Amino acid sequence: MTLGGSKNAALPVIISSLLTAGKCSYGRVPALRDVSTTLRLLSRLGVTIEKDTMGGGCLELTADRVSQVEAPYDLVKTMRASFLVLGPLLARFGEARVSTPGGCAIGSRPVNIHLQGLERMGARICQDHGYIDARAGELRGAIIPLDFPSVGATENLMMAATLARGETIIQNAAREPEIVELAGVLNKMGGKVNGAGGDVIQIEGVGELHGMSHEMSLDRIETGTFMVGAALTGGSVMIEGAWAEDLEAFIVKLRQAGVRVEEGSDGVRVTGNGRTCSTDIATLPYPGFPTDLQAQMMVLMAVSDGTSVITENIFENRFMHAQELNRMGARIALDGNRATVQGVAELSGAPVMATDLRASMSLVLAGLVARGVTEVSRVYHLDRGYENIEGKLAGLGADIRRVSCDD
Ligand code: UD1
């Protein structure tokens with residue numbers, strides 16, 4: 001099967017085009033709801049957007065006529081990554097007004113780390129009427145120790161620092177591959193970013209950035225999701241172009257569960273090897289086990305021999321799928337950030353409701369192996385992060401149909 005472009009790489013990369021008046025061309029942009037939300041936001045700010053100039057998945061963005069610096073609530077509330085416009089707008093135009101994201105299904109998700117970092121760079125920040133108002137004559141480089149290696153805060157601060165005066169050092173930075181990709185894009189624009197992928201990132205501010213072109217990497221979370229799908233159904237799936245290095249902690253756990261994973265130069269082959277066995281999992285910042293694959297892995301554990309303990313360390317409320325899986329016959333007990341999953345012989349199909357992006361995917365995966373029909377409602381969550389999911393799964397032999405999309 002063929003993977004799409006990475007959602008979590010694409011969103012900050014597309015937003016980084018706000019940093020320059022030059023034209024930025026992107027390839028392999030996934031056709032996802034979160035990408036269209038980002039484009040709507042950029043268009044509202046005055047960015048010129050040309051689509052598909054070179055074929056599917058291509059975009060050209062030019063931020064030479066940015067007419068306003070406000071990101072409104074209706075766009076930020078549906079997608080937290082919209083908050084990433086704050087750093088670039090502030091760095092380039094000296095001011096920005098961005099709605100606070102508010103709570104969401106997987107926890108409160110505050111933005112304090114983003115704001116503390118910008119304040120250290122000299123921004124004056126106040127919050128009123130649900131908006132963050134940030135101003136800075138000119139941002140200046142600073143040493144910024146992060147309380148937690150937040151992916152979004154690292155991205156926001158890295159983007160802001162490219163146009164700040166002097167040197168910025170982000171300590172305890174997030175190390176995800178998407179951070180490395182964004183740093184690469186900023187450097188293609190003429191930025192001076194060093195150390196991305198490690199926990200200290202050094203950025204030397206420059207006066208101006210220029211346009212460039214970039215092709216998005218393949219989506220590693222989609223990769224992991226299909227790997228779980230193969231393991232669950234006992235199939236053998238070749239995931240073309242997949243890059244196992246970015247999923248090491250996850251692959252270790254799959255192998256412990258008894259799944260065959262073969263890494264080759266052209267991709268990764270995953271083969272379900274009969275009944276899997278339990279294994280404990282704890283989500284952690286990269287390179288640890290990714291929280292974005294926790295829900296999918298829980299389904300595999302739900303039908304594995306033995307009892308697994310899954311600990312969610314990144315988000316405070318990311319077990320909403322557990323109750324729905326229990327309605328399908330799983331035996332999952334929750335205690336704070338810990339789920340104890342006792343493997344059962346099989347799941348049974350049921351009507352279930354999606355609550356967030358990865359949770360909804362776990363319900364689809366459960367439906368693939370459950371006896372009878374599973375009907376997942378609120379599938380718009382899926383469209384935020386999976387491109388043509390029903391087409392891809394049907395192509396691998398799944399019996400799956402989109403019945404309606406207006407629930
Ligand atoms: C990104 C990913 C998301 C992934 C997450 C963790 C994108 C678009 N989204 O989200 O898919 O699940 O990383 O790998 O790339 N926190 C604070 N204060 C802050 C910022 C974060 O307390 O200022 C907390 C959050 O509430 C959360 C934790 O830190 O509990 C991790 O958040 P963060 O790494 O920022 O995740 P996102 O960037 O939102």
Side-chain angles (χ1 to χ4, degrees), residues 5-16 30 32-35 37-38 41 76-87 98 100-120 125 127 132 134 144-160 170 172-182 199 216-217 219-222 224-225 246-247 249-250 282-297 311-321 336-337 356-362 381 384-386:
S6 159
K7 170 179 90 71
N8 286 356
L11 302 180
V13 163
I14 289 172
I15 287 173
S16 74
L32 299 172
R33 206 172 159 118
D34 276 7
V35 170
T37 305
T38 305
L41 171 58
V76 182
K77 75 165 190 238
T78 55
M79 191 194 63
R80 188 182 149 81
S82 307
F83 198 73
L84 295 177
V85 300
L86 180 63
V98 179
T100 47
C104 74
I106 63 176
S108 63
R109 302 185 89 174
V111 288
N112 56 314
I113 303 173
H114 302 235
L115 301 182
Q116 281 157 11
L118 291 171
E119 278 175 337
R120 284 184 88 100
I125 291 179
Q127 184 171 358
I132 300 294
I144 308 176
L146 304 189
D147 290 344
F148 179 88
S150 153
V151 173
T154 304
E155 292 167 343
N156 227 336
L157 297 171
M158 207 162 70
M159 289 191 278
I170 305 175
N172 195 26
R175 299 166 60 189
E176 271 70 1
E178 293 74 26
I179 303 283
V180 179
E181 185 158 350
L182 177 63
D199 56 7
M216 306 302 171
S217 62
D219 197 307
R220 67 190 174 100
I221 303 302
E222 187 186 16
T225 301
D246 289 347
L247 282 171
F250 166 75
T283 64
L284 285 171
Y286 189 86
F289 190 99
T291 175
D292 286 349
L293 287 170
Q294 177 259 108
Q296 299 88 318
M297 198 67 175
T311 310
E312 171 56 58
N313 291 310
I314 307 294
F315 291 110
E316 73 216 32
N317 190 20
R318 205 174 198 181
F319 282 145
M320 310 273 280
H321 41 284
N337 71 336
D356 75 54
L357 166 56
R358 307 303 169 186
S360 48
M361 192 62 224
S362 75
H381 288 293
R384 288 190 47 205
Y386 290 96

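Worth saying up front: this structure is predicted, and the values here are computed from it rather than measured. All ligand and atom numbering here is 1-based and tracks the order in the structure.
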N/O separation below 3.5 Å, [X] to ligand 1:
X: F148; value: no
X: R80; value: yes
X: F315; value: no
X: K7; value: no

Query raised in the report: Is the shortest side-chain N to carboxylate O distance from D34 to R80 below 4.0 Å?
Result: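 Answer for the salt bridge query: no.
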Atoms in ligand 1 flagged as close to [X], the criterion being non-hydrogen separation under 4.0 Å:
X: R318; answer: 12 (O)
X: V151; answer: 1 (C), 13 (O), 33 (P), 34 (O), 35 (O), 38 (O)
X: G152; answer: 35 (O), 38 (O)
X: T291; answer: 6 (C), 12 (O), 14 (O)

Query raised in the report: Side chain, backbone, both or neither: which part of N112 comes within less than 4.0 Å of ligand 1 when only heavy atoms are counted?
Result: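 N112 to ligand 1: contacts from backbone and side chain alike.
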Query - Residue part near ligand 1, for R358, under 4.0 Å between non-hydrogen atoms - result: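 For R358, there is no contact with ligand 1 at all, from either part.
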Report task. Ignoring hydrogens and angles, state whether a donor on the side chain of E181 or S217 is under 3.5 Å from an acceptor on the partner side chain. Result ->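 Indeed, the side chains of E181 and S217 share at least one donor-acceptor pair under 3.5 Å.
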Query raised in the report: If we ignore angles and hydrogens, is there a donor and acceptor under 3.5 Å between the side chains of R33 and Y386?
Result: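 No donor-acceptor contact under 3.5 Å links the two side chains.
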Query raised in the report: Any idea which of D292, D356, N156, I314 brings a heavy atom closest to atom 4 (C) of ligand 1?
Result: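 That would be D292.
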**Report entry** side-chain hydrogen bond (donor to acceptor under 3.5 Å, both in side chains), paired with E312, selected from N317, T283, N337
**Finding:**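 Checked N317, T283, N337 against E312; only one passes side-chain hydrogen bond (donor to acceptor under 3.5 Å, both in side chains): T283.
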Query raised in the report: Hey, mind stepping through E222 and K7 against salt bridge (Lys or Arg N to Asp or Glu O under 4.0 Å) and telling me if it holds?
Result: CA-CA 9 Å; E222 187 186 16; K7 170 179 90 71; over 6 Å; no
